[in-house]
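The block underneath contains the structure these notes are about, expressed in structure tokens.
Worth knowing before you read on, the calculation uses all heavy atoms, side chains too, and leaves out hydrogens, waters and symmetry mates. A note on names: the letters A, B, ... follow the listed sequences, proteins ahead of strands, and every chain is numbered from 1.
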Amino acid sequence: MPELPEVETVKESLKPYLIGQKIIKTKVHVGKLIKHPSENLFVEKIAGRTIVKIARRGKYLLFHLDQNLTLVIHLRMTGQLLFFTKKAEYSRHTHLVFHFDSQRELRFIDVRKFGLIYLVPTGNWEAIQGLKQLGVEPLSPDFTLDLFRELLAGRKGMLKPFLLNQKGIAGIGNLYADEILFRSGLHPKRKINTLDTEEIKELYGAIINTLKQAVLCRGTSFQNYVDGCGELGGFQAHLQVYGRGGKPCIYCQIPLQKIKVAGRGTVFCPCCQKAGDQERG
DNA sequence: AGTCAAACCTGGGCGC
DNA sequence: TGCGCCCAGGTTTGAC
């Protein structure tokens, strides 16, 4: 479940090791993870390229290469990117290995094989629908309260699916959606068009503050997340609802409820997170 | 437009 | 001891 803070941390942890590195060759063990172009073309085109810059958009990692190419990687749920400086045994689910000189490697490891890998012309995201349609970066100056109001305007859906929709705000997944809603005191099923001015401000602040704090903590290591050097994150110590279904709310001690919202496991406090009227756990 | 469900995939936890 | 079942979740796709 790498979300914005985890992907940001992977990016930052890899940066010092990868900038300026030349990809000598790529070993592909599970070819279907390469979504574009074909596996053969991918391997051929990436050989000899040098990594000049690493960036993040939403949950996508962007490795800008020379010759106007960009390697795009999405970790989805269980993907890991790990940098190795010397030969080490391949762990069980190593599906792709980028080789640099001096035996250095960047390995893509993914238990569930859900990850997505692309090689495209820099700035041309036509082949990557999800990246092309990505919404605003919530930690960028572009994400103003005014813009947030515009994003909400005219919408009638529930809050949680809105937060998870990458076309609106980029980078929020199931874990941070639950944490953000708890911190704003809003029910996950709350309808967008019932929010008042104060609640919108509250939600806006919670999005930024929660993500910022999680980035400072270097992400959440709840299941198998580690950064590019294999280091654990620290935000799991600050989780207030995610993974705490049935346990007492940190404010009111009432047991947190676990329900399904839009098909996602959702934990919330029935006392502290105000629903409109119709919803009841 | 919104809401739901299925699909992709594997490991872990559970009940029996 | 092991089998079968269900769950976890990011994103796309398709149905209603």
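A:Arg183 and A:Glu202 are not joined by a salt bridge, as no carboxylate oxygen comes within less than 4.0 angstrom of a charged side-chain nitrogen. A salt bridge does not link A:Arg264 with A:Asp178: none of the charged nitrogens is closer than 4.0 Å to a carboxylate oxygen.
Side-chain N/O atoms of A:Tyr242 and A:Thr220 include no donor and acceptor closer than 3.5 Å.
Look at CZ on A:Arg190: it is 17 Å from P on B:dG2, rounded to the nearest Å. Summarising the geometry, the separation between CG on A:Leu33 and C1' on B:dC9 is reported as 11 Å, rounded to the nearest angstrom. The distance from atom CG of A:Asp110 to atom P of C:dG10 is 13 Å, rounded to the nearest whole Å. Separating the CG atom of A:Asn165 from the C1' atom of B:dC4 is a distance of 15 Å, rounded to the nearest angstrom. Note: CD1 (A:Ile259) to P (B:dC4) measures 11 Å, nearest angstrom. When the P atom of B:dG2 is taken as reference, atom CG of A:Leu152 falls 12 Å away, rounded to whole Å. Nucleotide B:dG2 holds its C1' atom 14 Å from the CG atom of A:Leu159, rounded to whole Å. Computed from coordinates, the A:Lys160 NZ to B:dC4 P distance equals 13 Å when rounded to whole Å.
With sequence neighbours excluded, the residues that form a side-chain contact (heavy atoms from CB on, under 4.5 Å) with A:Gln21 are A:Phe100, A:Asp101, A:Arg104.
A:Phe162 comes within 4.0 angstrom of no nucleic acid atom, judged by non-hydrogen atoms across all strands. Across all strands, A:Gly263 comes closer than 4.0 Å to no nucleic acid atom at all (heavy-atom distances). Residue-level contact check: A:Lys35 touches neither bases nor backbone, having no heavy atom under 4.0 Å from any strand.
Ring centroids of A:Tyr17 and A:Phe84 are separated by 6.0 Å or more, keeping the two rings apart.
One finds no side-chain N or O of A:His93 lying less than 4.0 angstrom from the OP1 or OP2 phosphate oxygen of B:dC9. Contact annotation: A:Lys260 reaches the phosphate of C:dA8 (side-chain N/O to OP1 or OP2, under 4.0 Å). Under 4.0 angstrom from either OP1 or OP2 of B:dC8 there lies no side-chain N or O belonging to A:Lys113.
You'll find the side chain of A:Leu211 reaches within 4.5 Å of the side chain of A:Tyr176, heavy atoms only. Within the 4.5 Å cutoff, no side-chain heavy atoms of A:Phe268 are placed close to those of A:Val261.
Minimum atom distance to the side chain of A:Arg155 is reached by B:dG2, of the listed B:dC9, C:dA8, B:dG2. Here the nucleotide nearest the side chain of A:Met158, chosen from B:dC8, B:dT10, B:dT3, is B:dT3. Nearest to the side-chain atoms of A:Lys191 among the listed nucleotides B:dC8, B:dG2, B:dT3 stands B:dT3.
Under 3.5 Å, the side chain of A:Arg112 and the base of C:dA8 form at least one donor-acceptor pair of N or O atoms.
Ring planes of A:Phe143 and A:Phe148: perpendicular class, angle over 60° (limits at 30 and 60°).
Between the side chain of A:Arg57 and the main chain of A:Lys59, no donor-acceptor pair closer than 3.5 Å is present.
Within the helix from B:dG2-C:dC16 to B:dC16-C:dG2, the inter-axis angle between the opening and closing five-pair segments is 50°, rounded to 10°.
The two residues A:Leu81 and A:Leu75 make their nearest non-hydrogen contact at CG-CD2, 4.2 Å.
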>> How would you summarise protein contacts on nucleotides 11-16 of chain C per nucleotide, using B for base, S for sugar-phosphate only and - for none, with heavy-atom distances below 4.0 Å?
In response: BS----

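Toward the 5′ end of DNA chain B lies the nearest nucleotide of A:Gly157, the other residue of the pair A:Gly157 and A:Arg92 mapping further downstream.
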